[in-house]
There are 2 protein chains.
Amino acid sequence: MAEPQDRAVRRRAGRPPRALLGTDKITRAALKLVELEGYRGLTMAALARRLNVAPSALYNHVRSKQDVLLLVEEDLMGRVEVSGFATDPWPDAVRAWAWSYRNVFARHAPLIPVIAVLPVTDAPRTLMMYEAVTTGFARAGWPEDQIVDAIVALESFIFGSALDVGAPADIFDTGTLAAQTPSFTAAVRRRAAAAQDNGAPGAAESDRAFALGLEALLAGLSAGLAPGSAGAPG
Amino acid sequence: MAEPQDRAVRRRAGRPPRALLGTDKITRAALKLVELEGYRGLTMAALARRLNVAPSALYNHVRSKQDVLLLVEEDLMGRVEVSGFATDPWPDAVRAWAWSYRNVFARHAPLIPVIAVLPVTDAPRTLMMYEAVTTGFARAGWPEDQIVDAIVALESFIFGSALDVGAPADIFDTGTLAAQTPSFTAAVRRRAAAAQDNGAPGAAESDRAFALGLEALLAGLSAGLAPGSAGAPG
DNA sequence: ACCTGAACACCGTTCAAGT
DNA sequence: ACCTGAACACCGTTCAAGT
């Protein structure tokens, strides 16, 4: 583990005999850093420190911090479960995919606004995920021109739900305004009670909301394959 | 519009005869700044410049920049359409609410990760929105212990969809990897063609995905009110 | 209580100099 | 090509001094 060249002994300037960095090393260091200190701790300076180089050295391998985030995102996409789309019934495959997708990014919430608008061009793992999902939809008989919309709709729900996992347990505490919001306050109380009845303590609530929405989406998408059912107001 | 005291003429230190700031003025200035320069332009320094004060003066009214974001969020929540819940059939009320909610926050995407985990305590407009939605659900016959989960599921979809609105038109361009992702590449092409057939140019695609998902959720939620239909794997 | 102005401890990024 | 080290133009936030 300990490099022969420790950074306590400082390296002199100039190109080293063999490159010290590379996108894979940067990716692994970034992931480790996020695991240890969260996204607040992911700074170019901290990343460089972990890799025993000067911050400016990173810019020989990435064009910006945004590039580092893309490297991390690509790695995470490879962890999303898509194997079911080749073999399982459509609802089962989507369920496994959706739960793993949400769980992977729940721990990487700050990445979500980035991914949601990120072009897939030159992101091979991300593309392979979409390819697997698409073939699964086609195999289940989805019309080709609706597949991407359906994936985007499911993904939107997954991203939003991944953010919800990070919500504090008391997010819906109505506090001093409880008297002005009687229906909502009562519903919140009932929800907490229902979530506790089934055993688990805190994360149970976002799991239940995710399950409810996912099953509704699955049922609605299955039922609504007939053309021209939806229209957009405003 | 022009204050008698212009900042070209500088103010001397010390408490002014009447307070120059206030949370409402800060909120309005922040919204204007975001409208003009986006969230990248929303810095404490820029905000102070707009208000003709020193940056440090802001800290007499907010504890942090995060506080400023919360002020903005509260203002935006007041713009979400909830009037339908008092009068309209449940699906119509949810539709109007969901579309307006998505449209408001599509232009404030950087706020979404903040809102998603933000306690509602002491956020009166946000709470009033939840109260209106909850009464609408109760009126439609929803069991009280499932209402909050259903709202959270819908909100998750809305937040994710609001992020999707900001995606570039070519987000699914498979580029040099098109040959390795034939199914997905074909589906993307078909989607673009279908979206153009109906008239509109670019935003049409996220609108279609949102409509598809929302209608599926509405149908699935309506159908799935029977207990114990969903279960969570892994 | 509520302002100014100076200061602090960071950021991400650029670039000349070195091998 | 790929590193170091110095420098730049910012950040958000704190705090003494002033009225």
Side-chain angles (χ1 to χ4, degrees), chain A residues 3-27 29-30 33-34 37-73 110-111 113-114, chain B residues 3-27 29-30 33-34 37-73 110-111 113-114:
Chain A
E3 293 287 326
Q5 175 77 326
D6 199 313
R7 195 86 209 290
V9 183
R10 62 129 73 28
R11 215 170 8 246
R12 73 177 185 289
R15 181 191 189 190
R18 275 178 79 262
L20 300 166
L21 295 177
T23 50
D24 51 337
K25 276 185 184 168
I26 292 174
T27 308
L33 197 50
V34 167
E37 325 223 11
Y39 278 85
R40 246 194 36 219
L42 179 57
T43 67
M44 296 303 267
L47 190 53
R49 203 177 312 124
R50 264 212 144 252
L51 290 160
N52 272 323
V53 296
S56 51
L58 295 167
Y59 290 86
N60 291 306
H61 304 271
V62 296
R63 280 186 308 272
S64 63
K65 182 177 177 179
Q66 175 86 350
D67 264 14
V68 176
L69 295 180
L70 303 195
L71 290 173
V72 171
E73 185 256 338
L111 236 39
V114 179
Chain B
E3 293 289 323
Q5 175 77 325
D6 198 315
R7 196 85 207 289
V9 182
R10 64 130 68 33
R11 214 171 5 247
R12 75 176 182 289
R15 182 190 186 190
R18 274 178 81 263
L20 300 165
L21 296 177
T23 50
D24 52 336
K25 275 184 184 169
I26 293 174
T27 307
L33 197 50
V34 166
E37 325 224 10
Y39 278 85
R40 248 194 36 221
L42 179 56
T43 68
M44 296 303 269
L47 191 52
R49 203 176 313 123
R50 267 215 142 249
L51 290 160
N52 271 323
V53 296
S56 51
L58 295 168
Y59 290 86
N60 290 306
H61 303 270
V62 295
R63 280 187 307 272
S64 63
K65 182 177 177 178
Q66 177 84 350
D67 265 15
V68 175
L69 295 180
L70 304 195
L71 290 173
V72 171
E73 186 256 338
L111 236 39
V114 179

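Chain naming here is simple, since letters A, B, ... match the order of the sequence lines and numbering starts at 1 in each.
- Between B/Ala54 and B/Ala48, the shortest heavy-atom contact is C-CB, 3.8 Å.
- When all heavy atoms are compared, the tightest approach of A/Gly41 to A/Ala46 is O-CB, 3.5 Å.
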(request) Spell out protein contact along nucleotides 9-18 of chain D as letters: B when the base is contacted, S when just the sugar-phosphate is, - when no protein heavy atom is under 4.0 Å; keep the 5' to 3' order. (result) --SSBBB--B
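- Separating the CG atom of A/Asn52 from the C1' atom of D/dC2 is a distance of 16 Å, rounded to the nearest angstrom.
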(request) Show your reasoning for whether side chain to side chain contact (heavy atoms under 4.5 Å, CB included) applies to A/Val68 and A/Met44. (result) CA-CA 9 Å; A/Val68 176; A/Met44 296 303 267; 4.2 Å; yes
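- Residues in residues 37-63 of chain A take part in these salt bridge (charged side-chain N to carboxylate O under 4.0 Å, His left out) pairs, two or more places apart or across chains: A/Arg63-A/Asp67.
- The two atoms that bring B/Ala30 and B/Leu47 nearest to each other are N-CD1, 3.5 Å, heavy atoms only.
- A/Tyr39 meets the side chain to side chain donor-acceptor pair (under 3.5 Å) test with A/His108; sequence neighbours excluded.
- Listed by chain and number, the residues in a side chain to side chain contact (heavy atoms under 4.5 Å, CB included) with B/Leu21 are B/Leu51, B/Val53, B/Ala57, B/Leu58, B/His61 (sequence neighbours excluded).
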(request) Determine which bases of DNA chain D form Watson-Crick or G-U wobble pairs with both distances under 3.5 Å, and write the result as a 5' to 3' dot-bracket string with | for other-strand partners. (result) ||.|||||...|||||.||
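- Phosphate proximity of D/dA1 to A/His61: absent, as no side-chain N or O sits under 4.0 Å from OP1 or OP2.
- Considering only side-chain N and O atoms, B/Arg11 lies nowhere under 4.0 angstrom from the phosphate OP1 or OP2 of C/dC3.
- Considering A/Val114, A/Ile26, A/Leu111 as possible partners of A/Val72, the one that fulfils the side-chain contact (heavy atoms from CB on, under 4.5 Å) test is A/Leu111.
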